[in-house]
Amino acid sequence: MRLLLIEDNVPLADELSALFTQHGYAVDWCTDGRDAATMAMNEPFDVIVLDLGLPGRPGISVLEEWREKGLDTPVLILTARSSWSERITGLRAGADDYLPKPFHPDELLLRLQALVRRRHGQRPSPTLSIAGIILDENSQSAWSETNDTPINLTRAEFAILRYLMLHPDHVISKDRLLDHLYDSEHDRNPNVVEVHINHLRQKLGRGIIVTQRGQGYRFGGST
Amino acid sequence: MLLLAQGSVVLFDYASRDYLAERLQEDAESLVAAPIREEGEMRLDPLRLRASFNRVYSGHYFIIDVDDEFHLRSRSLWDHRLDPGNGLSDQLQRGPQGQSLLVWTGHYTRGGHDFVITTALDYTPITERLSWLRWCIWALGGTLAVMLVLVQRRVIRLGLRPLEKLRKELAQLHEGQRMTLETRVPDEIAPVVEELNHQLSRIEQVLNRSRDGIANLGHALKTPLAVLETLLVRRELNNIPEFRDALRTRLDEIHRLVERELQRARLDTCEVSPAARFRPDSDLPPLLDTLREIHGPAINFTTSVELNTPLPWDRDELLEVLGNLLDNAGKWAKSQARLTLLHEQSQLIMRVDDDGPGIAPQHREDVLHRGTRLDEQVAGHGLGLGIVEQIVTHHKGRLRLDESPFGGLAVIVEMPWPSTGE
């Protein structure tokens, strides 16, 4: 899950990056509104966290530009401005959610989760349940309906499984998986993906991820 | 006035006495030649005298003493006595028939005889004229004084009219309806008004600067607060939960204080330009859209609004009140939240009903007075009701809780409608 964090306060951005990474997001961070405007158009982000008080260019105008150009990535506004009129302005400009600072990190994560789920037509809930496999995003563990013991996943495994489960009926190419799992500075090694998928198969059964030769991977459920 | 009247009469009296004394002296000098010695006696030749000396009580009199031996008197004196003095007598002597006499006495020597000649003149016509003159001066002066007073009053009133306007503007200033004085004032007080305006604009600048300062500080504080909040969820802190929770409580407290001061700074601005007024028809739908998005399809937000004209309150403030109240209702409601806006008995009534669990009557006071308790148990930092109360109190309104016909809580805000026609 790729996340674009646009925040000019370095300590907050550091903490948030760590928090998001911990919860299975691949985080790209930028501090300037002008950079953010082009970056979001060029990379396939799954969700954007946008601060409004940016140097270079106000967050609202960046957001408006994205929506004008047809970018439909969910955007969560993170801002010190907490009044309702400002919230309405933000949401009218095309934001999907609005969280005033300061916030509880858990709430931020829940809201992001809800945004991603809603985008994929899922009901927001703490667990993702598809075809007999249940994924708990908070504990980053998964189990099948038949066998109730949760199995802990590594961060990468969790991220791959979540992405596949959010697109249950799609064949996802290795490249697309890489695009959404690693930030732009990360070393993109396709072999690493294979290793993680093998680990997932060992933990949850061979059928959990189906390989479509030459095309990519597909979520297979608990068969 | 008194001085003028009395002074001019006295001066006139003095001048006429002086003049008449000269006349009397001339008379006396001409009378020196009047007595004629005849058969050892002194006699007067009536034909050589002026006619008025011979007419009884004519007003012109004389007596002549020759060598203290012969006493001659004018016929006009008849049987009245005249006391000789020396020179012009200081006092008027009483004459016949109520006359007041101006008397002059002179000593002469002629042909070996000493003459003491006393001439007198009826001064009454002059006195009468003088009192008439006095009366005239009084009347004229009185009229003049009244006219002067009237004119003066008018002049003062005209002159003070700019000051009266100034006073009204100062009153408006006091109520915060304006920030400068515009009255065109006479040159004499223009510098005062200019200085006042200058000071006012300085005060406004300082106020704005401090308001902006508070706002900037408040907003700037929020990011470090957010950093701290994020630090608090670090796994390492799970080992010392008391420490973590204490820190979190303090952070929430700081956050609450910051929000309160920010809101206060916002309220102090209090200049409602017509463009910034709350328009129910255009401002409510986006608010409701936002709320529906936040609370999802499970909660049905409805409105009953009878007001279509802009309301005389700031848009942001009313949005803040309604947003918080409806958001609270949305958090607690099972399926229904309704907003009612009414203009009733010169009050704006904002009522939000929900069908949630409600609050028992005995606990409602607590909720209101603690301000923030109501929404603390549901997600979020829960400053809503405190801010609502702050805004409502600022507009001299009232916030109360009641039972809703839906079964849940009804939050009712009543704000006095500002008097129109300002």
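So that the names make sense, note that chain A is the first sequence line, chain B the second, and so on, each numbered from 1.
Counting heavy-atom pairs closer than 4.5 Å to chain A, the top-ranked of the candidates Asp327(B), Val258(B), Leu251(B) is Asp327(B).
At a 4.5 Å heavy-atom cutoff, the contact between Arg81(A) and chain B is made by backbone and side-chain atoms alike. Contacts between Asp51(A) and chain B at a heavy-atom distance below 4.5 Å are absent for every atom of the residue. Residue Ile294(B) touches chain A through its side chain alone, counting heavy-atom pairs closer than 4.5 Å. In this structure, the portion of Gln22(A) lying under 4.5 Å from any heavy atom of chain B is its side chain and not its backbone. Proximity to chain B (any heavy atom under 4.5 Å) is shown, for Ile88(A), by both the backbone and the side chain. When heavy atoms are compared at a cutoff of 4.5 Å, Leu291(B) approaches chain A solely by way of its side chain, counted from C-beta outward.
To the nearest 0.5 Å, atoms OG (Ser83(A)) and CG (Asn324(B)) are separated by 10.0 Å. Atom CG in Leu326(B) sits 8.0 Å away from atom CH2 in Trp84(A) (nearest 0.5 Å). Distance CG/Asp8(A) to OG1/Thr223(B): 7.5 Å, rounded to 0.5 Å. Separation of atoms OG1 (Thr230(B)) and CZ (Phe20(A)) is listed at 8.5 Å; rounding is to 0.5 Å. In this structure, Glu229(B) CD and Leu12(A) CG are separated by 11.0 Å, a value rounded to the nearest 0.5 Å. Arg87(A) CZ to Leu319(B) CG: the interatomic distance, rounded to the nearest 0.5 Å, is 11.5 Å.
At a threshold of 4.5 Å between non-hydrogen side-chain atoms, the residues Leu225(B) and Lys101(A) do not count as touching. Inter-residue side-chain proximity for Tyr98(A) and Thr290(B) is flagged as unmet; no heavy-atom pair is nearer than 4.5 Å.
When each of Gln263(B), Glu259(B), Glu320(B) is paired with Ser82(A), the side chain to side chain contact (heavy atoms under 4.5 Å, CB included) condition holds for Glu259(B) and for no other.
When every heavy atom of Ala226(B) is checked against every heavy atom of Pro102(A), the shortest pair comes out as N-CB, 3.6 Å. Considering all non-hydrogen atoms of both residues, Pro11(A) and Val227(B) come closest at C-CG2, 4.0 Å.
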